[in-house]
Amino acid sequence: MSSYRVCVCFTRKFRVTEAEPPADVKEAFKKYAEGGNQMSSEQLLKFLMEVQGETQLSVVDAEGIVRPILQKRHPITKLTRQALVLDDFHHYLFSADLNPPINSKVVHDMNAPLSHYYIFTGHNSYLTGNQLTSDCSDVPIIKALKKGVRVIELDIWPNSDKDDVHVLHGRTATTPVELITCLKSIKEHAFSASPYPVVITLEDHLTPDLQAKVAQMLTETFGEMLFVPESDSLKECPSPEKLKHRIIISTKPPKEYLEASASVCKDRRNNSTRSKESEDDVWGSEPSSLTADQEENEKSDSDKNYEDDDESIHRPHVSSAYKRLIAIHAGKPKGGLKEALKIDPDKVRRLSLSEQALEKAAESHGTDIVRFTQRNILRVYPKGTRFNSSNYKPLIGWMHGAQMVAFNMQGYGRSLWLMHGMFRSNGGCGYVKKPDFLLNVGPNNEFFDPKAKLPVKKTLKVKVYMGDGWHLDFKQTHFDRYSPPDFYTRVGIAGVPADEMMKKTKTREDMWSPVWDEEFTFPLTVPELALLRIEVHEYDMSEKDDFAGQTCIPVSELKPGIHTVPLCDRKGEKYNSTRLLMRFEFL
């Protein structure tokens, strides 16, 4: 029983009651229990195969579902009853552990070249907060690896005595952390969430002597884990399967090392004094509105990311030991974007573009980018003015085949929710196979055109039945001091522009366990890149509506049928109990 003080005179009392099973659940139970009041393991198996799309299960699997439900819910009668009643069936369907919406196993072919996968990628992985004044630490690196991030970025600089290597965001007030600390933490946690390779991208600002010291650190820290190419450059990327439990180094080879000129330093200082972009509100901006600033006067060193700086100075010496460890060469070819996107049949390389550089390139070179990413690696990173570690819309990178869409993992908000959603795919292993249309070449040597208008390929029908668990995860006065919450659900699609939309249920007043029972239809032209966005909010008449949970789910891996969707907080951490019961159907 929950009590809410309405005024000094009296108190309203509300009982938190569990909602009864939805009509669809009752009808499914009645149908598959064949009119009886109990459902056997054989009958449950038929339901799982015909409604839930679980075609690979057996009676033994169904018995393995029934047994623990009975042991938990009916410990006294478990020996005499071997079938589910309606409430047991509903309990099973409304359990995030027993009935999730996607598989938790690796299901993609992992034997293709690395360039055929989207890779979970961090940006400035060592920063604990904003880009200008936060601490540098190995803690965010550990957190990222535990979440399945597979690409860790380290900016390496000489220390003040020029005899050791620090990791920090250069020319800012961020406090440094020693490189060796980061490397040791990477070694310890690299494969805690996934066995597939970790790529370390180095932004190198070192002298040749310190590069040699880094080579020694890498070799001594990682030993046999370190992937060392047999030749100076890779002709084709190895597969994630072949590179299991390996560490890969990617940076510019020393001969291409450029010392930033005084003019670039000045640009950096000018950037840091410009007015900061407004902080995201508590929900973050809608991803569809997150386009990069196109103003001509917004320049940073990242704007010259596919072209050498004319005033830069080449290093006279190189460290051969350091160069030998670089598996994926990064580079900035002269001659602009057209040269940067040229294919070298004998060499795989990595190109980095800022978010606004990618947007500009996509306007006129969309198919060239797709062609480039079939063999080579494209990394996209946030524009330099995202001082508060916010993020951008990832879909434009994915649409063009970019493998490494680099995000600030501490930059919580809707964009990061999409990133989390994409990499829930394939068992959360950090590698997601790109759709075939991004890898195929047409009969006339044509490539996928991200700008092409496409017909609807598949339609997703989503039904939002009900929600529960907020009374266990939140204080009773969290949403409203005087009454139970008024929840509504927003559900929609993030994907290619033609597929994006958001819809909303009605608001259910004064209910901790709201029942909506509303259905929505989403036509999809590119279902392979679609993410189902789900957010729950609590309506507030006088103030901004309260956040009450969110998640994103890859449409390509959604199981058909009735499933439980666990909700997460703003940081992407799953709530203990808060969840929705939903139905998914493909037309």
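Below, each value reflects all heavy atoms present in this structure, side chains not excepted, and no hydrogens, waters or symmetry copies.
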Relative to the ring of Trp512, is the ring of His471 parallel (under 30°), tilted (30 to 60°) or perpendicular (over 60°)? perpendicular

Kindly indicate, with the supporting measurements, whether the criterion side-chain hydrogen bond (donor to acceptor under 3.5 Å, both in side chains) is fulfilled by Asp24 and Tyr465. CA-CA 9 Å; Asp24 286 1; Tyr465 289 118; 2.6 Å; yes

Search all heavy atoms of Val464 against all heavy atoms of Phe520 and return the closest pair with its distance. CG2-CE1, 4.1 Å

Apply the test side-chain contact (heavy atoms from CB on, under 4.5 Å) to residues Trp398 and Leu531: give CA-CA distance (whole Å), side-chain angles for both, the deciding distance (0.1 Å), then the verdict. CA-CA 12 Å; Trp398 293 333; Leu531 298 169; 4.2 Å; yes

Test your reading of the model: is there a side-chain donor-acceptor pair from Arg379 to the backbone of Met404, 3.5 Å cut-off? no

Lys NZ or Arg CZ of Arg150 over Tyr431 ring: under 6.0 Å, within 45°: no

Looking at Asn426 and His108, would you say the former's side chain and the latter's main chain have a donor-acceptor pair under 3.5 Å? yes

Salt bridge (charged side-chain N to carboxylate O under 4.0 Å, His left out) assessment of Glu528 paired with Lys457: CA-CA 10 Å; Glu528 297 92 340; Lys457 191 173 183 179; 2.4 Å; yes

Heavy atoms from other residues, nucleotides or ligands near NZ of Lys503 exceed 12 (cutoff 6.0 Å): yes

Asn130 side chain to Ser389 side chain, donor-acceptor N/O pair below 3.5 angstrom: no

Asn408 side chain vs Gly411 backbone, donor-acceptor pair below 3.5 Å: no

Please find out if less than 6.0 Å separates the ring center of Phe407 from that of Tyr392. yes

Given Asp135, Asp155, Asp138, the one that forms side chain to side chain donor-acceptor pair (under 3.5 Å) with Tyr126: Asp155

If we only count heavy atoms from C-beta on, is the Asp468 to Arg579 side-chain gap below 4.5 Å? yes

Asn99 and Thr564: side chain donor to acceptor below 3.5 Å: no

Result of checking Phe547, Phe479, Tyr539 against Phe487 for ring-ring contact (aromatic ring centres under 6.0 Å, His included): Phe479

Considering residues, nucleotides and ligands other than Lys26, do more than 12 of their heavy atoms fall under 6.0 Å from its NZ? yes

Check whether the side chains of Asn103 and Glu557 place a donor and an acceptor atom closer than 3.5 Å, and report yes or no. no

Over 12 foreign heavy atoms within 6.0 Å of NZ, Lys143: no

Are Tyr117 and Pro240 close enough that some pair of their side-chain heavy atoms sits under 4.5 Å apart? yes

For salt bridge (charged side-chain N to carboxylate O under 4.0 Å, His left out), just list the numbers for Lys463 and Glu585, CA-CA rounded to whole Å, side-chain angles, deciding distance to a tenth of an Å, and then say yes or no. CA-CA 9 Å; Lys463 193 165 189 178; Glu585 186 179 354; over 6 Å; no

Please check if the side chain of Ser185 supplies one atom and the backbone of Cys182 the other of a donor-acceptor pair under 3.5 Å. no

Verify salt bridge (charged side-chain N to carboxylate O under 4.0 Å, His left out) between Lys544 and Glu538, making sure each step is shown before the conclusion. CA-CA 9 Å; Lys544 190 175 183 67; Glu538 199 271 338; over 6 Å; no

Is the charged tip of Lys46 near the ring of Tyr32: under 6.0 Å from the six-membered ring centre and within 45° of its axis? no

Kindly determine whether His563 and Phe584 satisfy side-chain contact (heavy atoms from CB on, under 4.5 Å), including the steps that lead there. CA-CA 8 Å; His563 295 280; Phe584 309 110; 4.3 Å; yes

How close do Lys393 and Ser415 get, heavy atom to heavy atom, and via which atoms? N-OG, 4.1 Å

Under a 3.5 Å threshold, yes or no: a donor from one side chain and an acceptor from the other, between Thr201 and Glu153? no

So, Thr477 and Asp480: side-chain donor and acceptor under 3.5 Å apart, yes or no? no

Distance-minimising heavy-atom pair for Asp499 and Pro523: OD1-O, 3.9 Å

Does a side-chain heavy-atom distance below 4.5 Å link Thr459 with Thr521? yes

Tell me, do Ser192 and Lys146 make a side-chain contact under 4.5 Å, heavy atoms counted? yes

Given the rule in the side-chain contact (heavy atoms from CB on, under 4.5 Å) test, do His420 and Arg424 qualify, once you have shown the distances and angles that lead to the verdict? CA-CA 6 Å; His420 289 162; Arg424 287 190 175 98; 4.2 Å; yes

Reported OG1-to-CG distance for the pair Thr55 and Leu57, which is rounded to 0.5 angstrom: 8.0 Å

Hey, does Leu98 have a side-chain heavy atom less than 4.5 Å from the side chain of Ile69? yes

Taking all non-hydrogen atoms of both residues into account, name the closest pair between Glu359 and Ile396 and its distance. CG-CD1, 3.7 Å

Before you tell me yes or no, could you show the steps for Phe423 and Tyr118 under ring-ring contact (aromatic ring centres under 6.0 Å, His included), namely the whole-Å CA-CA distance, both residues' side-chain angles and the distance that decides it to 0.1 Å? CA-CA 9 Å; Phe423 288 99; Tyr118 299 123; 7.4 Å; no

Under 3.5 Å donor-acceptor, Thr578 side chain and Leu567 backbone: no

Heavy-atom count check: over 12 atoms from other residues, nucleotides or ligands less than 6.0 Å from Glu519 CD? yes

Give me the one residue out of Phe47, Phe89, Tyr92 that meets ring-ring contact (aromatic ring centres under 6.0 Å, His included) with Phe29. Phe89

Are Lys147 and Phe120 in a cation-pi setup, meaning NZ or CZ lies under 6.0 angstrom from the ring centre and within 45 degrees of the ring axis? no

Has the side chain of Ser134 got a donor or acceptor atom that lies under 3.5 Å from a matching backbone atom of Gly129? yes

Do Glu535 and His537 have side-chain atoms, one donor and one acceptor, less than 3.5 Å apart? yes

Would you please test Arg386 and Glu355 for salt bridge (charged side-chain N to carboxylate O under 4.0 Å, His left out) and show each step? CA-CA 11 Å; Arg386 292 192 181 276; Glu355 57 176 288; 2.6 Å; yes

Would you say Leu132 and Thr174 make side-chain contact, with heavy atoms under 4.5 Å? no

When you check the side-chain N and O atoms of Tyr381 and Asn124, is any donor under 3.5 Å from an acceptor? no

Take Asp61 and Leu45 through the side-chain contact (heavy atoms from CB on, under 4.5 Å) test and state the conclusion after the steps. CA-CA 8 Å; Asp61 296 315; Leu45 176 63; 5.8 Å; no

Might you point out which heavy atoms bring Tyr412 and Arg570 nearest each other, and give the distance in Å? CB-O, 3.8 Å

Quiz question: by atom type and distance under 3.5 Å, do the side chains of His74 and Asp88 form a donor-acceptor pair? yes

Side-chain contact test, heavy atoms from C-beta onward, threshold under 4.5 Å: evaluate it for Leu395 versus Val405 and give yes or no. no

Kindly determine whether Thr507 and Asp486 satisfy side-chain hydrogen bond (donor to acceptor under 3.5 Å, both in side chains), including the steps that lead there. CA-CA 6 Å; Thr507 300; Asp486 309 323; over 6 Å; no

Using 30° and 60° as the class boundaries, would you call the ring planes of Phe191 and His245 parallel, tilted or perpendicular? perpendicular

